[in-house]
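Residues: numbered from 1 along the sequence shown. Order of appearance sets the numbers: ligands from 1, and atoms from 1 within every ligand.
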Amino acid sequence: MTDSSFVATTDLLGQSIRELETLFAGWGEKPFRARQLMQWVHQRGSVDFASMSSLAASLRARLAEQVRGPLPRVVRDHVAADFTRKWLFDVGAHNAIETVFIPERARGTLCVSTQVGCAVGCGFCSTGAQGFNRNLSTGEIVAQVWLARALLCSSESASPLRLRAASMHHRYPAPALACNAASAAAPASAAAAACTATAPALDRLRSEPPAHPLALEQAPAEEESESGKAISNVVFMGMGEPLQNYEATLGALRILLSDLAYGLSRRRVTVSTSGVVPMIDRLAGDCPVALAVSLHAPHDDLRSRLVPLNQKYPIAQLLAACRRYLRASPRDFITFEYTMIAGVNDSLAQAQALRDLLCSVPSKVNLIPFNPIAGSAFRRSTTQQIRSFAEVLLAAGITATIRKTRGDDIAAACGQLAGSVQDRTSRTVRMHRAAGRSPQAVSTW
Ligand code: SAH
Ligand code: SF4
């Protein structure tokens, strides 16, 4: 942000407190004014400078003059029967990114994108199939949270869908992240106009969602304590590889954690990576949050085919980085994502190999039923096969969860990850391993 040229509103959302203080110092303003602006923008959800009553009129006028331009536009806004909500945001030049909100009984998880496309090119991922287009800026990543909250808040007051959802999810009380007078202002209502909550979704709200056949338990009680936020958790599991857009991701993480902005705990923010080893180490030093690693195979030859980045950073290096990360991590385990693809990585021998591999890293394994994508010959593993695979891990004392697919009726998810990104934040299916040894503590995001 410079004094001489105007600043895009989206970039304002990506400004750290230090950057705002520097700008304000150049304007002869005191540092606490920067803190006030940060709170207006992120906590009260306002970019309407005229309404920022605690700022001097001259500063408001200067901000209104120098900060301009639209936030990402809502291209689509869909709500699934299970309340999963997916937005498509226009980030210019015909580029769209996906952001998904997954409400649950005691938490609400927002899945954000970090890139338009992805260069890693995993063969089972539709984002990878798009190729890499560009990195998102810190402001564009934070804008997904800002907009999602505004849209959730505006539909909470306006939409029968949201009201019904709130009554169904009785342990999911009024949001604190944060619906208030300012956030219900103009940008939110403009965006809400694009809402296309579907009739089937509204119809299906009249009945309770069916329990997942594999569901053995409800969400852990731990999640109760910090409930009460519309967006209580943020996961970097949308389009793109966050650790290949490191600086922008880091900037966004810091704003999400800042008490002047969203104030999320490190445990409630998760970065998912396909395994960019040097950046895992940097993240541990710069801003340790919960870490998820997309593993998908227990051997290098198969993983290199599924996740080409493995050729550069093979499994042994990746697991060593995970062990180092745990020294700084807010969680005492690494989450390993394992997309279950029939006949490719779902045999019991592969489960045993995975079990042996993960003995060296405190782990939680999320088994994700593969979500078929256009043009792919891969198929989803059967439920029975996924169950048997999980049992091998559970019997060795490794916590394994199977994700329930959500948002099916909106063909949804970040980067067409309906089988994973949404599932990872859905009600977690916990399976107890065989009697004799206690399962490892289960934590969820
Ligand atoms: N690039 C990061 C984060 C985004 S992908 C990463 O790879 O971790 C988020 C998750 O969705 C990853 O675990 C990825 O392997 C998984 N995924 C991608 N496409 C999928 C599909 N078609 N079915 C199931 N999971 C998928
Ligand atoms: Fe990129 Fe993740 Fe998709 Fe692989 S799974 S192509 S790393 S977004």
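Listed for the Thr10 side chain is no donor-acceptor partner under 3.5 Å among the backbone atoms of Ala8. Between the side chain of Asn345 and the backbone N or O of Thr339, at least one donor-acceptor pair lies under 3.5 Å.
Interface of Gly121 with ligand 2, defined as ligand atoms under 4.0 Å from a residue heavy atom, comprises 6 (S). For ligand 1, the atoms lying closer than 4.0 Å to a non-hydrogen atom of Ile373 are 22 (N). Below 4.0 Å from some heavy atom of Gly128 lie the following atoms of ligand 2, by number and element: 6 (S). Listed by number with element, the atoms of ligand 1 under 4.0 angstrom from any heavy atom of Gly238 are 4 (C). With ligand atoms numbered from 1 in the order given, ligand 1 contributes 13 (O), 14 (C), 15 (O) to contacts under 4.0 Å with heavy atoms of His296. Taking every heavy atom of Ser274 and a limit of under 4.0 angstrom, the matching atoms of ligand 2 come to 7 (S). If you number the atoms of ligand 1 from 1 as listed, the ones under 4.0 Å from a heavy atom of Cys125 come out as 18 (C), 19 (N).
At a heavy-atom distance under 4.0 Å, no atom of Met239 approaches ligand 1. When non-hydrogen atoms are compared, ligand 1 lies under 4.0 Å from the backbone of Asn371 as well as from its side chain. If you look at Val120 next to ligand 1, there are no close heavy atoms at all, none under 4.0 Å.
The shortest heavy-atom distance from Ser294 to ligand 2 is not under 4.0 Å. Residue contact check for ligand 1: Ser126 places no non-hydrogen atom closer than 4.0 Å to it.
In this structure the side chain of Leu260 never reaches within 4.5 angstrom of the side chain of His42, judged on heavy atoms. Counting heavy atoms from C-beta outward, Ile17 and Ser258 have side chains that stay 4.5 Å or more apart. The side-chain heavy atoms of Leu295 and Leu354, taken from C-beta on, include a pair separated by under 4.5 Å. No side-chain heavy atom of Pro362 sits less than 4.5 Å from a side-chain heavy atom of Asp332.
Here the rule is side chain to side chain donor-acceptor pair (under 3.5 Å) with Thr99, and of Arg85, Lys86, Gln144 only Gln144 fits it.
The residue from Pro242, Gly240, Pro372 that puts a heavy atom closest to atom 1 (N) of ligand 1 is Gly240. Summarising the contacts of atom 7 (O) of ligand 1 with Ser113, Ser294, Cys122, Pro369, the nearest heavy atom is found in Ser294.
Heavy-atom neighbours of Arg18 CZ from other residues, nucleotides or ligands within 6.0 Å: at or below the threshold of 12. Residue-environment remark: CG (Asp356) exceeds the threshold of 12 foreign heavy atoms within 6.0 Å.
Ring planes of Trp87 and Phe101: tilted class, angle from 30 to 60°.
The N/O atoms of Glu337, backbone and side chain alike, include none that comes under 3.5 Å of an N/O atom in ligand 1.
For residue Cys125, no N/O/S atom approaches atom 4 (Fe) of ligand 2 to within less than 2.8 Å. None of the N, O or S atoms belonging to Cys122 lies under 2.8 Å away from atom 1 (Fe) of ligand 2.
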